[in-house]
2 protein chains.
Amino acid sequence: MQDQLSLTFAALADPTRRAILAQLSKGQANVSDLAKPFLKDMSLPAITKHLKVLEKAGLITKTREAQWRPCRLNGEAFKDVADWIEQYRIFWEQSFDRLEAYLETVTQRTSPKGKEHGREDSVQRDPHHPDL
Amino acid sequence: MQDQLSLTFAALADPTRRAILAQLSKGQANVSDLAKPFLKDMSLPAITKHLKVLEKAGLITKTREAQWRPCRLNGEAFKDVADWIEQYRIFWEQSFDRLEAYLETVTQRTSPKGKEHGREDSVQRDPHHPDL
DNA sequence: CGCATAATTAACTCAGCGGTTAATTAACCT
DNA sequence: AGGTTAATTAACCGCTGAGTTAATTATGCG
């Protein structure tokens, strides 16, 4: 899995971890604080592991204070994700426009419309984006 | 893995799949077109599987045209990711810009939120009350 | 010291992912 | 019909991720 961005996306691909991040967005918290909402569903070591994943992904920072490990969000990893997704903005904005256009042409139709075997020259529009 | 957002993040957590998306951002393409850059590193069935992951994640749409399967990006899943990450914008802007820009756009929403385990005099900088 | 609290580590299970090769489906073309 | 191209499916393999329980480390306190 190597690269940092993959690690970050992988870390985000879990509802428990996203919930932990949501909790941390309200302020710093210790491991047991973070674990509390989940202890009916899973053990403390499970949370420790989740935190380790989040830490390696750069999404959180864990410090030491006596026997506690206060955790806080680390903005930079979020920025990496935001920067990556940003280059696709045109696509989600575009599809919203298309949805509206579509809804206007179809408001009274009932059949979802099977597709034609036409030349399908309707290329997707090419904003010619810088890649990666 | 259940929920859609987790599926989407998981799909993005792979460099090959992100490269496929980058390629699709330049326009619609068939499976073998998409596979071409990777065929030195992996087989065609591997690409088929990657495309299936992307499709289930909602990131692409695969249609049929004779024996070809033209693929295109599907903006909505990107929007879901963008919307999710947006709620953490304050954290990555805080890291760089000291939040000043943000404060101009948001001037309410306070939550003092005393933390338990009083040990901390070093409560995390509350993003809503930054000490700048 | 002795004990409680906070958290991690160890050792293990199990499912699913990413990849393979080989076989199969599906459409087109003479 | 037979052959070619496009793509998927099947069956398999090794690794890792998410979880468990039990043991261990580290700190604070009476």
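In what follows, every chain begins at residue 1, and chains take the letters A, B, ... in the order their sequences are listed.
- Between B/Ser32 and D/dA7, a side-chain N or O to OP1/OP2 separation shorter than 4.0 Å is present.
- Of the candidates D/dT27, C/dT8, C/dA6, C/dT8 carries the atom nearest the A/Lys62 side chain, counting heavy atoms from C-beta on.
- When the side-chain nitrogen and oxygen atoms of A/Ser43 are compared with OP1 and OP2 of D/dG19, none of them lie within a distance under 4.0 Å.
- Going from atom OG1 of B/Thr63 over to atom CH2 of B/Trp68 covers 13.0 Å, rounded to the nearest 0.5 Å.
- Within the 4.0 Å cut-off from OP1 or OP2 of D/dA26, not a single side-chain nitrogen or oxygen of A/Arg64 is found.
- The CD-P distance, from B/Gln67 to C/dA26, rounds to 13 Å in whole Å.
- Atom CZ in A/Phe38 sits roughly 17 Å away from atom C1' in C/dA7 (whole-Å rounding).
- Listed candidates were C/dT8, C/dT5, D/dT8. Nearest to the side chain of B/Pro45 is D/dT8.
- By the salt bridge (Lys or Arg N to Asp or Glu O under 4.0 Å) test, B/Lys62 pairs with B/Glu55, sequence neighbours left out.
- Looking at heavy-atom distances under 4.0 Å, B/Asp33 makes no contact with the nucleic acid at all.
- If you measure from atom NE2 of A/His50 to atom P of C/dT8, you get 13 Å, rounded to the nearest angstrom.
- Atom CG in B/Leu54 sits roughly 15 Å away from atom P in D/dA7 (whole-Å rounding).
- The distance from atom CG of B/Leu54 to atom NZ of B/Lys49, rounded to the nearest 0.5 Å, is 14.5 Å.
- The distance between atom CD1 of B/Ile47 and atom C1' of C/dT20, rounded to the nearest whole Å, is 13 Å.
- Relative ring orientation between A/Phe78 and B/Trp84 is described as parallel, the plane-to-plane angle staying below 30° on a 0-90° scale split at 30° and 60°.
- Straight-line distance from the CD atom of A/Glu65 to the P atom of D/dT27: 13 Å, rounded to whole Å.
- Contact of the A/Arg17 side chain with the A/Leu59 side chain is not registered, since no non-hydrogen atoms from C-beta on lie closer than 4.5 Å.
- Across the protein-nucleic acid pair, B/Lys49 atom NZ and D/dT8 atom P stand 13 Å apart, rounded to whole Å.
- Between B/Lys52 and the phosphate of D/dA7, there is no side-chain N or O to OP1/OP2 separation shorter than 4.0 Å.
- Among the heavy atoms of the strands lying under 4.0 Å from B/Thr48 is at least one base atom, whether or not backbone atoms are also near.
- Computed from coordinates, the B/Gln2 CD to C/dA15 P distance equals 16 Å when rounded to whole Å.
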